[in-house]
Amino acid sequence: MKFFLLALLTTTVLFGAKVVDVDEKYQDSQKCKVCHLRIVDEWSNSWHSKSHFANDEYFRQSMKYVSKKTRKSLNSVKVQCATCHNPRISVTSTGEDYEIAAIMGLDKGSKVDKAVNSKSISEGVNCVVCHNIDKIHDEYNDKKRGINRVEWTPSGTMTGPFKDAVSPYHKTIHHDFMDKTPNKMCFVCHANDRSVKGLVFTNMQKEYKGSKTCVECHMGPKRKDVASTYKMRGNKAKIRQVRNHSFAGAHITSMWKDALRLKLSKKGKNILVTISNPQPHNLPSGFGSREILVELVYKNGEKVIESKTISLSRHYTRKRAKPTIAHLAKKQTKDTSIPADGKRVLKISKVAGATSVEVTLSYRLVNDEVRSLLKLQEPRWSQKSFIAKDEIRY
Ligand code: HEC
Ligand code: HEC
Ligand code: HEC
Ligand code: HEC
Ligand code: HEC
């Protein structure tokens with residue numbers, strides 16, 4: 001019995017997320033500004049800085065929806081999603097007792113309530129998320145992500161790419177996942193996201209092809225600049241090889257131009273639309289319900305005869321085949337994304353009276369179904385980002 005208890009205890013310590021409080025000196029990016037202004041500005045424009053529910057309508061509405069449909073308190077859902085969206089949260093799970101307190105309205109001022117509303121997590125995936133990772137447990141079960149996959153450095157120790165960095169404000173430590181194997185760090189969160197029913201609706205790690213690193217594209221190429229403007233002991237600040245912290249991705253319209261390639265050809269009575277993806281991960285990828293639109297305009301000369309749109313998106317269902325969002329899904333429709341370093345070919349028929357067809361590819365962050373389920377208001381969710389266009393005569 002004693003042995004059993006001991007074994008139980010060690011496994012919780014080993015596999016449970018361990019919280020390390022971050023001293024106020026390091027909690028938010030404002031504290032880093034005097035010496036790392038460029039990086040703080042770049043990061044502020046990234047969607048990592050918007051991963052907190054206050055700053056992302058889609059995320060906020062999704063949590064409310066999950067809470068409503070699972071009859072779990074909103075705070076419990078917030079704690080659950082914080083695993084990757086706010087990993088410096090001080091409470092990592094909630095139990096039945098909390099649910100009861102929440103229903104009775106007795107949770108105000110509780111540990112959980114304080115944790116989800118704390119200013120210290122309001123920046124989401126900020127500096128002290130990535131730069132306080134001390135260990136990544138690749139040997140853990142694939143399900144364990146975000147906070148459950150890492151160990152934190154002591155407060156005030158920054159993990160970085162340089163072996164010889166010295167700072168007057170914080171300690172520094174080098175780890176290979178900061179320069180040699182950065183994908184390992186990105187996959188702490190960008191992999192194996194699953195629904196409450198255990199359906200894995202995204203797994204970038206599994207679909208990844210080739211040896212390119214995420215940072216080469218999403219943090220741009222290495223270039224010469226200072227990592228910190230602080231002059232150690234009156235010396236000049238060191239010139240380093242640095243990257244950009246804006247993590248430009250799917251929310252930035254200009255990033256989509258030419259992200260996929262489009263080729264049109266004729267085959268018998270049909271037109272073949274070949275969409276190829278030179279990137280090392282599928283597109284759309286990552287979060288579910290993203291959408292690629294294929295718009296077809298059939299023309300005779302300049303006159304439009306007919307137009308139609310094909311949507312390449314994944315749809316999710318719950319009980320009794322009711323449409324839902326990825327996080328609640330029991331089932332998903334066939335994967336229509338364009339595979340990493342691969343292609344998808346659509347066969348479209350010709351239209352009588354038309355002599356040519358014009359094809360436009362674009363991307364949307366959220367498909368119609370989920371946008372209406374969640375009642376998203378901000379225009380960005382329905383905005384089309386242009387990818388490519390071509391025309392063929394027949
Ligand atoms: C999503 C993870 C992530 C977040 C968030 C993040 N960084 Fe980084 N940071 C990295 C990676 C990865 C590198 C290494 C890039 C390389 O050189 O390949 C890096 C490099 C650095 C460097 C070394 C110089 C450079 O630019 O390469 C400094 C200094 C730094 N980060 C500071 C910060 C500060 C300050 C913040 C918050 C405003 C921050 N980082 C947020 C991942 C992150
Ligand atoms: C008083 C100035 C100062 C402040 C404030 C400061 N840093 Fe630094 N930091 C430095 C200096 C100097 C370096 C070393 C630069 C070099 O060697 O090129 C550095 C290096 C780093 C590195 C790279 C470490 C490595 O080993 O590669 C990271 C990451 C970092 N800082 C993060 C932060 C974060 C996050 C904050 C805010 C919580 C912060 N810094 C606040 C001065 C500062
Ligand atoms: C602690 C978890 C975590 C880590 C580690 C992490 N990310 Fe993220 N990342 C997120 C979350 C959460 C979002 C979504 C934020 C939102 O949209 O509200 C995101 C968003 C992004 C986006 C924007 C995608 C879009 O749809 O516009 C890019 C690009 C990205 N991450 C790249 C990276 C790269 C590259 C690394 C590794 C250097 C990395 N991330 C590490 C959690 C993480
Ligand atoms: C060869 C360049 C390249 C590499 C390497 C790369 N990406 Fe991307 N990624 C893109 C392009 C291009 C897009 C589509 C336009 C955009 O969002 O920037 C994209 C989109 C994304 C998106 C949004 C997907 C969507 O459909 O909404 C995420 C998240 C992302 N990348 C994360 C990562 C992560 C994490 C890695 C490493 C495991 C990585 N990327 C490696 C080029 C790259
Ligand atoms: C395994 C880590 C992980 C967990 C846990 C997680 N997310 Fe995310 N989430 C991400 C990453 C990484 C992205 C960015 C991927 C992308 O942009 O394609 C993201 C993006 C999103 C987005 C898209 C935001 C945007 O601006 O487009 C929504 C909505 C979202 N998550 C909702 C949730 C909800 C609700 C929960 C809790 C029920 C949750 N997530 C839990 C990792 C996670």
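Start at 1 and go down the list; that is how both ligands and their atoms are numbered. Here, residue 1 is the first one in the sequence, and each next residue gets the next number. Note that this is a predicted model, so its numbers are computed, not measured.
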Under 4.0 Å to a heavy atom of [X] - the qualifying atoms of ligand 3, by number:
| X | answer |
| --- | --- |
| Cys84 | 1 (C), 2 (C), 12 (C) |
| Ala248 | 29 (C) |
| Lys50 | 18 (O) |
| Val129 | 1 (C) |
| Cys214 | 35 (C) |
| Pro87 | 1 (C) |

4.5 Å side-chain heavy-atom contact, [X] and [Y]:
| X | Y | answer |
| --- | --- | --- |
| Val34 | Thr229 | no |
| Glu369 | His315 | yes |
| Glu306 | Val304 | no |

Closest non-hydrogen protein atom to [atom], residue and atom name please, with distance?
| atom | result |
| --- | --- |
| atom 23 (C) of ligand 3 | Phe247 O, 4.1 Å |
| atom 5 (C) of ligand 3 | Met185 O, 3.5 Å |
| atom 43 (C) of ligand 3 | Cys189 CB, 3.5 Å |
| atom 17 (O) of ligand 3 | Asp56 OD2, 3.3 Å |

| said: Between ligand 4 and Tyr363, is the shortest N or O to N or O distance under 3.5 Å? | reply: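 Indeed, backbone or side chain, Tyr363 has an N or O that close.
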| query | Side chains of Ser313 and Asn367: do they bring a donor and an acceptor to under 3.5 Å? | reply |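 There is such a pair between these side chains.
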| query | Any chance the side chains of Glu295 and Ser307 put a donor and an acceptor closer than 3.5 Å? | reply |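 No, no side-chain donor-acceptor contact under 3.5 Å.
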Under 3.5 Å: N/O of [X] near N/O of ligand 5:
| X | result |
| --- | --- |
| Ser62 | no |
| Tyr58 | no |
| Asn192 | no |
| His251 | yes |

| Looking only at N/O atoms, are Ala250 and ligand 3 under 3.5 Å apart anywhere? |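 The answer is yes, given that Ala250 and ligand 3 share an N or O pair closer than 3.5 Å.
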Before we go on, tell me: are the rings of [X] and [Y] under 6.0 Å apart, centre to centre?
| X | Y | result |
| --- | --- | --- |
| Tyr208 | Phe187 | yes |
| Phe386 | Tyr363 | no |
| His218 | Phe247 | no |

| Thr213 near ligand 4, heavy-atom distance under 4.0 Å? |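 Heavy atoms of Thr213 do come under 4.0 Å of ligand 4.
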| ring pair (Phe, Tyr, Trp, His ring centres under 6.0 Å) partner of His327, the single match among Phe201, Phe59, Tyr58, Tyr65 |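 The residue from Phe201, Phe59, Tyr58, Tyr65 that satisfies ring pair (Phe, Tyr, Trp, His ring centres under 6.0 Å) with His327 turns out to be Phe201.
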| field | Atoms of ligand 5, numbered as shown, that sit under 4.0 Å from any heavy atom of Arg145 | value |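 What qualifies from ligand 5 is 1 (C).
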| message | Within the 4.0 Å heavy-atom shell around Trp47, which atoms of ligand 5 are there? | response |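 Those atoms are 26 (O).
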| field | Geometric class of the His175/Phe177 ring pair [parallel <30°, tilted 30-60°, perpendicular >60°] | value |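 Ring orientation, 0 to 90° scale: parallel.
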| ligand 5 contact by Leu365, heavy-atom criterion under 4.0 angstrom |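 Checking ligand 5 against Leu365, which is what was asked, there is no heavy-atom contact under 4.0 Å.
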Short N-O contact, [X] and [Y], less than 4.0 angstrom:
| X | Y | answer |
| --- | --- | --- |
| Arg364 | Glu291 | yes |
| Asp176 | Lys184 | no |
| Asp335 | Arg314 | yes |
| Asp28 | Lys31 | yes |
| Arg240 | Asp225 | no |

| said: So, 4.0 Å and heavy atoms of Phe59: is ligand 3 close enough to count as a contact? | reply: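 Checking ligand 3 against Phe59, which is what was asked, there is no heavy-atom contact under 4.0 Å.
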| request: Please state whether Ser46 comes within less than 4.0 angstrom of ligand 3, counting heavy atoms only. | output: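 No; Ser46 lies far enough from ligand 3 that no heavy-atom distance drops under 4.0 Å.
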If you count the atoms of ligand 4 from 1 in the order shown, which ones are under 4.0 Å from a heavy atom of [X]?
| X | result |
| --- | --- |
| Pro284 | 26 (O) |
| Phe187 | 38 (C) |
| Gly249 | 16 (C), 17 (O), 18 (O) |

| query | Given NE2 of His281 on one side and NE2 of His218 on the other, what angle do they make at atom 8 (Fe) of ligand 4, to 10°? | reply |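 With atom 8 (Fe) of ligand 4 as the vertex, NE2 (His281) and NE2 (His218) sit 180° apart.
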| request: Pick one of side chain, backbone, both or neither for how Glu216 approaches ligand 4, counting any non-hydrogen atom pair under 4.0 Å. | output: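 Looking at Glu216 and ligand 4, no heavy atom falls under 4.0 Å.
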| said: For atom 26 (O) of ligand 4, tell me which residue out of Ser285, Ala191, Ser211 has the closest non-hydrogen atom. | reply: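 Considering heavy atoms of Ser285, Ala191, Ser211, the nearest to atom 26 (O) of ligand 4 sits in Ser285.
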For ligand 3, does [X] get within less than 4.0 Å through its side chain, its backbone, both, or neither, judged by non-hydrogen atoms?
| X | value |
| --- | --- |
| Arg290 | side chain |
| Cys186 | both |
| His48 | side chain |

| So how far is it from Thr94 OG1 to Gln80 CD, rounded to the nearest 0.5 Å? |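 So the gap between those two atoms works out to 8.0 Å.
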| Of the backbone atoms (N, CA, C, O) and the side-chain heavy atoms from C-beta on, which set of Phe53 has a member under 4.0 Å from an atom of ligand 5: side chain, backbone, both, or neither? |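 The answer is neither.
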| field | Check against salt bridge (charged side-chain N to carboxylate O under 4.0 Å, His left out), Lys299 and Glu358 | value | CA-CA 8 Å; Lys299 293 199 263 188; Glu358 187 187 88; 3.2 Å; yes
| message | Any N/O/S atom from His85 (main chain or side chain) under 2.8 Å of atom 8 (Fe) of ligand 5? | response |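 His85 does place an N, O or S atom closer than 2.8 Å to atom 8 (Fe) of ligand 5.
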| Do Arg88 side-chain atoms and Val20 backbone N/O form a donor-acceptor pair below 3.5 Å? |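 Such a contact is found between Arg88 side chain and Val20 backbone.
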